[in-house]
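What follows is a set of notes on a single structure, which appears directly below.
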Amino acid sequence: MSVQLKTGRNELFTDPDPDNARAFFRTKSRELKSKISNAEEVVRTMLKDGDYIGIGGFGANRIPTAILHEIVRQKKKNLALAGHTATHDFQILVGGECIDRCDVAYIIGLEARGLSPNARRAVQSGKIKLTEWTNASLSWRLKAAAMGLSFMPTRNILGTTTFEYSAAKEIECPFTGKKFAALPALYPDFAAIHVHECDIFGNARVYGASVSDQDLAKASKRVVLTTERLITNDEIRQNPESTFIPFWCVDAVIEVPYGSYPGNMPYEYFSDEAYIKEWLAAEKDPEEFKKFMDKQIYGTKDFYEYLELNGGIKKIQKLRAQELLIDTEIGGKK
Amino acid sequence: MADFNSMELMICIAARNLEDGATVVVGTGAPCATAMLAQKTHSPNLCIMFEAGGVAPLLPSMPISVGDSRTFHKAIMASSMPEIMETCQRGMVDYTFLGGAQIDMYGNINSTMIGDDHSKPKVRFPGSGGANDLASLCWRTMMMTPQDSKRFTSKCDFITSPGYLQGGNSRYEAGLPLGTGPYRIITNMAIMGFDEESKRMKVLSINPGYSRKDVQDNCGFELLWADKIENTDPPHENELRILREEVDPFRYIIGR
């Protein structure tokens, strides 16, 4: 039986060629050396206009806020984004007008919190070029790259308009003759991932749901980790099975305590829902939102000033109690 | 008969479809409430999974995000998105729930856009997220939605997630796994299934307070009707009590 094989019509924003990727990875340092840096330097030296980026975590869970803000502060332009349940991270990058291309799985929404008015305006205006995918598709595209391949055969997206506006291709399985989707490997230029712990070399631990971050770290050409806390290399070596990302994937390490704020950080602090609501409200009016961005991001020097502006340690203590389900009222709740 | 609103009705009916020992991937909101209700009534060993990696948590409260820390609170596993999606693709996940702006007679769902120009949509929605994957790979897809003739449309502007595509055998011919597809559409007015041959939406049961005419009038395509149309068994006292007191005490979902 010969089957008609279709091809998605939208643009493939990245090169899936594994030999081109290998040529790059050949040049990447394997040295066990300190990679300590800061957000200003990382964004200035590791990211250039036009790059394709991936953001770790899940929209407003375990996100590298310090890097997202710094991308906006340094006014990076024409970036492409892996929109893999991109929620608050998407809000920040669209607020800074940093993105002009996006591989979409989930954008403009903030899950149960509703939709981002500013991101929706930007997308509906046609300013951002979109290619459609799905969450599993982006996970598997990263996995194909993490494996050093050019594509992954899968059984999702077939038969739908999602496929039609993707850049996938249908293929016939050489063993069964069945039709599969071939999803092109995704090798981002740059990835930022927030982790719980890592050493100065970039050996990192993540607790809780890990989304696609292990594959994102392997697939990306340049990787920066922000970490809740630095730990010693000795500690890494005491529990090598806990190492989630190894040093050779990592180019820079920045210690940013509370660095997922206002997002949730599993076992550390819950998301600041009141603040995210404030952000959504500010977005309704473009002029108001401009003032909001000025105050929150352009007007703050770094993540620490931003956190102070929004309640600092006291706020974090509240969110920490919420995360750990601890009753912190004097004498306990009535 | 107990007093209830249409969200409570849909959640109680949907929960009865989740049998003990089954696996289900849910999102935030009504699907999560449905799975929690099933677990607290007839299916204590229902395995609830979230697409970002949470498996079988003991949910202390309703999650805000399918990746927040509640989704793996005292869980069996805090895994990854590929882990969950590959478990679906391997055929180990029985149920999922989807939502959307449009649904057609074959159970195809639109959660991407309204309009006819993809590069400049009239209205843009978030897109698939994990919906297309779950609709493609889980055995049975269900939907809970209020019913009106705009949402139940003769043609989706965009098919984000596959139902039975063009009907008949077209879903399998497109390459989607054999034996998968939409199972139940639960609305405020009725419970629908799908015809075995044509794969068209078919009314199985009418909810209290609605007529056959209401159900068809609030649908933008012609519905098929089962030979014997049942009267939906309304929510029981104990289902409502558990839903209101234990599942959603702050009425985040049932208060909508």
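Below, all heavy atoms of this structure are taken into account, side chains as well, without hydrogens, waters or symmetry copies. In what follows, every chain begins at residue 1, and chains take the letters A, B, ... in the order their sequences are listed.
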Largest heavy-atom contact set with chain B, pairs under 4.5 Å, which of [options]:
options: A:Ser139, A:Ala136, A:Ser271; value: A:Ala136
options: A:Val123, A:Val211, A:Leu158; value: A:Val211
options: A:Ala60, A:Cys173, A:Gly159, A:Ser116; value: A:Gly159
options: A:Glu132, A:Lys143, A:Arg113; value: A:Glu132
options: A:Arg155, A:Glu111, A:Met265; value: A:Arg155

Taking side chain as everything from C-beta outward and backbone as N, CA, C, O, which of these in [X] sits under 4.5 Å from a heavy atom of chain A? Side chain, backbone, both or neither.
X: B:Arg171; answer: neither
X: B:Leu137; answer: side chain
X: B:Ile64; answer: both
X: B:Tyr172; answer: side chain
X: B:Ser111; answer: neither
X: B:Phe125; answer: both
X: B:Val55; answer: neither

Can you check whether [X] reaches [Y] side chain to side chain, under 4.5 Å on heavy atoms?
X: B:Thr87; Y: B:Met49; result: yes
X: A:Ile193; Y: A:Arg62; result: yes
X: A:Ile108; Y: A:Phe90; result: yes
X: B:Arg200; Y: B:Phe194; result: no
X: A:Asn61; Y: A:Pro266; result: no
X: B:Thr187; Y: B:Phe152; result: yes
X: A:His194; Y: A:Glu228; result: yes

Between atom [atom1] of [X] and atom [atom2] of [Y], what is the distance when rounded to the nearest 0.5 Å?
X: A:Ile157; Y: A:Trp133; atom1: CD1; atom2: CH2; result: 6.0 Å
X: B:Ile11; Y: B:Asp248; atom1: CD1; atom2: CG; result: 7.0 Å
X: A:Lys127; Y: A:Ile99; atom1: NZ; atom2: CD1; result: 11.5 Å

[Y] and [X] side chains, donor-acceptor separation under 3.5 Å:
X: B:Asp94; Y: B:Thr23; value: yes
X: A:Glu323; Y: A:Asn264; value: yes
X: A:Asn156; Y: B:Asp133; value: yes

Checking [X] against chain B: side chain, backbone, both or neither under 4.5 Å from a heavy atom?
X: A:Asp213; result: neither
X: A:Ser125; result: backbone
X: A:Glu164; result: neither
X: A:Leu115; result: side chain
X: A:Arg120; result: side chain
X: A:Val104; result: side chain
X: A:Thr85; result: side chain
X: A:Asn135; result: both
X: A:Leu142; result: neither
X: A:Phe270; result: side chain

I need the residue from [options] with the largest number of non-hydrogen atom pairs under 4.5 Å to chain A.
options: B:Ser61, B:Ala174, B:Cys156, B:Ser136; result: B:Ala174
options: B:Met113, B:Glu173, B:Lys122, B:Gln89; result: B:Gln89
options: B:Ser128, B:Gly130, B:Pro126; result: B:Pro126
options: B:Met62, B:Met85, B:Arg70; result: B:Arg70
options: B:Thr71, B:Val66, B:Asn108, B:Thr112; result: B:Val66
options: B:Asn110, B:Asn132, B:Thr160; result: B:Asn132

Run the salt-bridge test on [X] and [Y] with the 4.0 Å N-O cut-off and return the result as yes or no.
X: A:Lys178; Y: A:Glu172; answer: no
X: A:Glu283; Y: A:Arg121; answer: no
X: A:Asp103; Y: A:Arg141; answer: yes
X: B:Lys202; Y: B:Glu197; answer: no

Sequence neighbours excluded and cut-off under 3.5 Å, please list the side-chain donor-acceptor pairs for residues 74-84 of chain B, or say none.
residue	atom	partner	partner atom	Å
B:Ser79	OG	B:Gly53	O	2.8
B:Ser80	OG	B:Glu83	N	3.2

Any donor-acceptor pair under 3.5 Å linking the side chain of A:Ser260 with the backbone of A:Ile63?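 Answer holds: yes.
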Between A:Tyr207 and A:His196, what is the ring plane arrangement, given parallel below 30°, perpendicular above 60°, and tilted in between?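 Geometry flag for A:His196 against A:Tyr207: perpendicular rings.
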Enumerate by number any residue of residues 26-40 of chain B whose heavy atoms lie under 4.5 Å from heavy atoms of chain A; in the absence of such residues, state 'none'.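 Residues in range: B:Thr28.
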